[in-house]
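Values reported hereafter were calculated over all heavy atoms of this structure, with side chains retained and with hydrogens, waters and symmetry mates removed.
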Amino acid sequence: MTEYKNVQSRLKPEEIEIDMVSVWVNKDIKEITIADESASHTEYEYNQTQYSKDAYIKFLSDKNKELENKLTDTQLALCDIYETLEG
């Protein structure tokens, strides 16, 4: 994983871009106006993280497990509430 801060582009980036070997995750995308002597134009500034495809699959798998655990905890808490309401 490689992180790049304050990347600038004239084209608005997608949040996730995939090429042959990498997955690029673009966050905190901001539209900025660049002014020079004759005119101004719009650019985009953002933070970018490059993952190998295998590292990104692992990242998604870990995040999915975390979400599953949180869902299970929520379901158990709801069961406790229902049992309390039933008396």
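- Contacts of D73 classified as side-chain hydrogen bond (donor to acceptor under 3.5 Å, both in side chains), with partners at least two apart in sequence or in another chain: none.
- Evaluation of the salt bridge (Lys or Arg N to Asp or Glu O under 4.0 Å) rule for K5 yields E3 as partners, not counting sequence neighbours.
- Side-chain atoms of S61 do not come within 3.5 Å of backbone N or O of I57 as any donor-acceptor pair.
- The ring-ring contact (aromatic ring centres under 6.0 Å, His included) analysis of residues 51-78, with sequence neighbours excluded, yields the pairs Y51-Y56, Y51-F59, Y56-F59.
- By the salt bridge (Lys or Arg N to Asp or Glu O under 4.0 Å) test, E66 pairs with K70, sequence neighbours left out.
- Here the CD atom belonging to Q8 is positioned 5.5 Å from the CD1 atom belonging to I34, to the nearest 0.5 angstrom.
- Taking every heavy atom of both residues into account, Q50 and S22 meet most closely at NE2-OG, 2.9 Å.
- Once rounded to the nearest 0.5 Å, the distance linking NZ of K53 with CG of D19 reads 7.0 Å.
- In this structure, CD1 in I29 is found 11.5 Å from CD in E45, a value given to the nearest 0.5 Å.
- Counting heavy-atom neighbours within 6.0 Å of E15 CD, excluding the residue itself, gives a total of 12 or less.
- Counting all heavy atoms, side chain and backbone alike, N47 lies closest to N6 at OD1-N, 3.1 Å.
- Summarising the geometry of A35 relative to S40, their closest heavy-atom pair is CA-CB, 3.9 Å, with the distance given to 0.1 Å.
- With sequence neighbours left out, the salt bridge (Lys or Arg N to Asp or Glu O under 4.0 Å) criterion links K58 to D62.
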How far apart are the C-alpha atoms of L76 and T72, what are their side-chain angles, what is the distance that settles it, and do they pass the side-chain contact (heavy atoms from CB on, under 4.5 Å) test? CA-CA 6 Å; L76 291 172; T72 300; 4.2 Å; yes
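- Listed by first and then second residue, the ring-ring contact (aromatic ring centres under 6.0 Å, His included) pairs that reach into residues 2-50 come to none, sequence neighbours excluded.
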If you apply the rule side-chain contact (heavy atoms from CB on, under 4.5 Å), what do you find for N26 with E17, and how did you get there? CA-CA 8 Å; N26 303 312; E17 298 178 15; 3.5 Å; yes
